[in-house]
Amino acid sequence: MAGTLNDASSSAIELLPARQQRPILEITALHKRFGAVEVLRDVSLAVTPGEVVVVIGPSGSGKTTLLRCINLLEEYESGTIAIDGEPIGYRIEAETGRRLRMREREIAAARARIGMVFQSYNLFPHMNVLQNITAAPVRVKRIARRQAEARARELLAMVGLSDKVAEYPIRLSGGQQQRVAIARALAMDPKIMLFDEITSALDPELVGEVLAAMQQLAGDGMTMVVVTHEMSFARDIADRIVFMDAGIIVEEGKPDHLLFAPQSERVRAFLKRYNDRYRI
Amino acid sequence: MKEFAPLIGSFWYLLRGAGMTVLMAASAVAPATLLGILLALLQVFGGGPLRSAILGYLFLIRGIPLLVLLTFVYYLLPLTGIDLPPFWGVVLVISLYYAAFISEVFRAGILSLPQAQWDAARSLGMSRRLMLRIVVLPQALRLAAPPYVSLCVSLVKATSLVSIVGLWELTMASREVVERTLAPFQIFIGAAAIYFCICYTLALYGRHLERRVLLGH
């Protein structure tokens, strides 16, 4: 059931409190450029197991790029990213000190442990809901089909879509598609989930159902990095909020601190503009 | 109806010619499709030199009329000492010729798949081969289906050109009958009707396939 989502890691945390200090995601001195534009400038971020980190900031601040670097959907020029202590993406050759990209197979294996949900859902349109969810577990993780399907049904029940098992994506609303996408990512039993503005493309009345699914996931102890523009959601769900602007992390802290008593002028200006716009 | 007596009298003969047309087209369409898909994949994913070589091939083939190619190979093959029955020589030329066009159709299908689909497949840890097989190709083939069916229809009609190098099929059979009966109008109406039936069936079947695969969509 839903409560078993992250059992292994959460019980490990209870037994070994010291382990909690070891980050499950560690980004160090990340630099990334698109041509002449530096999109990420020396970004470092560590996320501990079970932590929910919400990344906010203006458009073009590098939030999405940061997320996409984590599972190497974007290449980056320097810096390291490690999941559970294992570097992913690049390794440094011992003799020469040269930085080499890992083999495609190693990168794919690393990606399989990182769940990602996209702004535009990106379900596979030629597969029905069940096939969307079971394709990767069966073909990548080689889980028995029956077992994968049972797990898929569990996950669909968790996101409230048990009746849509055989439906094709085009017949689903945006909110339903996004919940299927969440289930699809969870079906790989990821160590960490990345959410890239997953409610931005949704009609306002469909946002709630997707946020509720994320909220439940966070409650179950999933480690999450969430890029969002939903400030009140960020406040509710985040253990820590990271504010990015122009490719750097300007400020980070507990939600109440960052949202109500920000230290930097840049964050204050951003929040003021946001509040002016969305105050009803 | 008396005017159509020559056609009625030779209709079975024409149908036998049509059988040959269908056989020729069917023999060519499979290799043309496989080679077309292969060329499309190599063009999208292959390295630079390979890509240029394929591009050169496409430009060459697309710039020469099929009739000229057929004639060329008809005279060239005996000189090279390759002993290929004329039927297979012609099938080879048609396959190579249509592979060039089919590859462009499939390449367009692959390229028109949104980047987001690749992202989703990669984020799930799929290997390149796996995502090609279960995510990219199934969708690319669907996108390419309508122009691909048109090319298949065009291929069927292109077989009429082989009568120029002496191969016997529907058009050749019609010309023979015309020489015997001196009724070109009636005979070629018959031939046209037969061609139309073959192509129409093919196009309908294509539509049916499209609808079946798109409905689930």
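Lettering follows sequence order; numbering is per chain, from 1.
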> Considering only heavy atoms, which portion of B:Arg133 lies under 4.5 Å from any heavy atom of chain A: side chain, backbone, both, or neither?
Replying inline: side chain

> Looking at A:Arg151 and A:Asp189, does any basic side-chain N land under 4.0 Å from a carboxylate oxygen?
Replying inline: yes

> Using non-hydrogen atoms only, which part of A:Ile114 is less than 4.5 Å away from chain B: side chain, backbone, both, or neither?
Replying inline: backbone

>> Just checking B:Lys157: does its NZ atom have more than 12 heavy atoms from other residues, nucleotides or ligands closer to it than 6.0 angstrom?
In response: no

> Does any heavy atom of chain B fall under 4.5 Å from the side chain of A:Ile107, the backbone, both, or neither of them?
Replying inline: neither

> Where on A:Leu194 is there a heavy atom nearer than 4.5 Å to chain B: the side chain, the backbone, both, or neither?
Replying inline: neither

> Looking at A:Ala185 and A:Val117, what are the two nearest heavy atoms and their distance?
Replying inline: CB-CG2, 4.2 Å

> Under a 4.5 Å heavy-atom cut-off, does chain B meet the side chain of A:Arg105, its backbone, both or neither?
Replying inline: neither

> Roughly how far, to the nearest 0.5 Å, is the CG atom of A:Asn122 from the CD atom of A:Gln177?
Replying inline: 10.0 Å

> Given that the side chain runs from C-beta out, which part of B:Leu130 has a heavy atom under 4.5 Å from chain A: side chain, backbone, both or neither?
Replying inline: side chain

> Among B:Ala121, B:Ser127, B:Pro114, which has the most heavy-atom pairs under 4.5 Å with chain A?
Replying inline: B:Ala121

>> The test is side-chain hydrogen bond (donor to acceptor under 3.5 Å, both in side chains); show your working for B:Thr171 and B:Tyr195 and say whether it passes.
In response: CA-CA 9 Å; B:Thr171 300; B:Tyr195 271 119; 2.7 Å; yes

>> For B:Phe196 and B:Tyr200, take the angle between the two ring planes, folded into 0 to 90°, and tell me which bin it lands in: parallel under 30, tilted 30 to 60, perpendicular over 60.
In response: parallel

> Under a 4.5 Å heavy-atom cut-off, does chain B meet the side chain of A:Phe118, its backbone, both or neither?
Replying inline: side chain

> Does any heavy atom of chain B fall under 4.5 Å from the side chain of A:Arg184, the backbone, both, or neither of them?
Replying inline: both

> Do B:Arg62 and B:Phe59 meet the cation-pi criteria used here (NZ or CZ under 6.0 Å from the six-membered ring centre, within 45° of the axis)?
Replying inline: yes

> Highest number of heavy-atom pairs under 4.5 Å with chain B: which of A:Gln119, A:Arg68, A:Glu104?
Replying inline: A:Arg68

